[in-house]
Number of protein chains: 2
Amino acid sequence: MQSGCRRGRGLGWWHGHIRGYGYRMTAQREAVLEIMTKTREHLSAEDIYHQLHNLYPNIGLTTIYRTLELLVDTGLVYKFDFGDGRARYEISEGPDSPDHHHHLVCTCCGKITNYTDFIDKERKLLNETEMGLSKKFNFKITNHLIQFYGLCEKCNKDEK
Amino acid sequence: MQSGCRRGRGLGWWHGHIRGYGYRMTAQREAVLEIMTKTREHLSAEDIYHQLHNLYPNIGLTTIYRTLELLVDTGLVYKFDFGDGRARYEISEGPDSPDHHHHLVCTCCGKITNYTDFIDKERKLLNETEMGLSKKFNFKITNHLIQFYGLCEKCNKDEK
DNA sequence: ATGATAATGGAAATCATTATCAATAAGGAG
DNA sequence: CTCCTTATTGATAATGATTTCCATTATCAT
Ligand SMILES: [Mn+2]
Ligand SMILES: [Mn+2]
Ligand SMILES: [Zn+2]
Ligand SMILES: [Zn+2]
């Protein structure tokens, strides 16, 4: 329907997004997005770097960092700190998408678990809270972070 | 009332806590706790280091880091990552204390705002959620992190 | 196809946090 | 209170993730 639609020519849906911010589309950015959209893992910059080295032996780690920063800035990717000393990234469908989820972080082994359960109740409370906080502090909320810390099933057993 | 009470001899309430974990009480640990309990700011290790240098010109930054790690491990202090590249610390009264609060983080200027509003509703939802998640994932939750990101009043204005 | 300029990648620089290790001090035993 | 074991400290070096630089390359509007 939209005249600008370029589907069917091998272009990812993200081209328009990137270009819309005035950035150029490059093979490296394509490659990083390709990986990010195909995994549910929480990859570090170096994880991505290693995965790409097969396909692009000359890609630089610096470029991975730069690309991730761009993707975070334009809202395509979330950046997380799970406490293991390196940033971790995950594709983002935005805080209102049905795939939006939060995390359980095992403080023992570092395992990360996605959960979408209870998100509906959460969403309701979050909306109220965001509205109240915006009003009280004149703070314009754009996003939120929720994480639960504790022991995963395995670590909880080993604990005993 | 309690026979073990040591008030009135210059000992902080935290002595028993630290000793209870088998750690020795030192002037340095005392000093760090003294600062942490007297501020509502979110200090970095270096912040604390500088504040202490007047009183203890010989205290080492390494010791600050070690002490903070100890305090976090024993639950007296919370460690946060607000995205400015350094860890920030804050005294903890525990997730069930009336002083327990969450944060608004300005993504523009980095300003951190404590809020306790809506905590009651939050607590209710958190309890339900924690219970549900514990059951579904066999995950033993010990703590949680909630942060809202956006623009503070000042940055929102300047934005326009 | 051409040119202006944004993007890349290799290497060096940053900078918060850790590891080492000899010197010091806490606190239980006597 | 003194002694002794051993946790703790502090100076320094090491680590490691992320940035900065800058010459080379690639994108894309014209
Ligand atoms: Mn996730
Ligand atoms: Mn706070
Ligand atoms: Zn675990
Ligand atoms: Zn601000």
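These numbers come from the heavy atoms of this one structure, side chains and all, not from hydrogens, waters or symmetry mates. Chain letters run A, B, ... following the sequence lines, proteins first, then strands; residues in each count from 1.
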From CA spacing to verdict: side-chain hydrogen bond (donor to acceptor under 3.5 Å, both in side chains), A/Q51, A/Y49: CA-CA 6 Å; A/Q51 288 197 31; A/Y49 174 66; over 6 Å; no
B/S/- contact track for nucleotides 17-30 of chain C, protein heavy atom under 4.0 Å: SBBB-----BSS--
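Using modelled atom types, one finds a donor on one side chain and an acceptor on the other under 3.5 Å when comparing A/H100 with A/H144.
In this structure, the OH atom of A/Y21 is 19 Å from the P atom of C/dA6, given to the nearest Å. Rounded to whole Å, the distance from CZ on B/F82 to P on C/dA16 is 17 Å. Here the C1' atom of nucleotide C/dA7 and the CG atom of A/L70 are 11 Å apart, to the nearest Å. The nearest whole Å value for the distance from the CD1 atom in A/I64 to the P atom in D/dT19 is 14 Å. The interatomic distance linking B/D84 (CG) with D/dT18 (P) rounds to 14 Å, in whole Å. The distance between atom CG of B/N58 and atom P of D/dA11, rounded to the nearest whole Å, is 6 Å. If you take CG of A/L68 and C1' of D/dA17, they are 13 Å apart, rounded to a whole angstrom.
Using a distance-only test at 3.5 Å, with no hydrogens or angles considered, a donor-acceptor pair links the side chain of B/T107 to the main chain of B/G150. Judged purely by atom type and a 3.5 angstrom limit, A/R29 has no side-chain atom pairing as donor or acceptor with the backbone of A/L33.
Direction of the helix axis in the helix from C/dA1-D/dT30 to C/dG30-D/dC1 shifts by 50° between the two five-pair termini, rounded to 10°.
A residue-by-residue look at B/Y49 and B/G22 shows that B/G22 has its nearest nucleotide of DNA chain D further toward the 5' end.
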Which pairs of donor and acceptor atoms, one on a side chain in residues 66-75 of chain B, lie under 3.5 Å apart (sequence neighbours left out)?
unit_1	atom_1	unit_2	atom_2	d
B/R66	NH2	B/T63	OG1	3.3
B/T67	OG1	B/T63	O	2.8
B/T74	OG1	B/L70	O	3.1
B/T74	OG1	B/L71	O	3.3

Please tabulate, for the side chains in residues 108-116 of chain A, all donor-acceptor contacts under 3.5 angstrom to protein atoms that are two or more places apart in sequence or on a different chain.
unit_1	atom_1	unit_2	atom_2	d
A/N114	OD1	A/H42	NE2	3.0
A/N114	OD1	A/H101	NE2	3.1
A/N114	OD1	A/H103	NE2	3.1
A/Y115	OH	A/E122	OE2	3.1

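For the ring-ring contact (aromatic ring centres under 6.0 Å, His included) test, no residue two or more places apart in sequence or in another chain qualifies with B/H50. In this view, B/Y21 and B/H17 satisfy the ring-ring contact (aromatic ring centres under 6.0 Å, His included) rule, not counting sequence neighbours.
Between the CD1 atom in A/I48 and the NE2 atom in A/H53 there is a gap of 13.5 Å [rounded to 0.5 Å].
When the side-chain nitrogen and oxygen atoms of A/R29 are compared with OP1 and OP2 of C/dT8, one or more of them lie within a distance under 4.0 Å.
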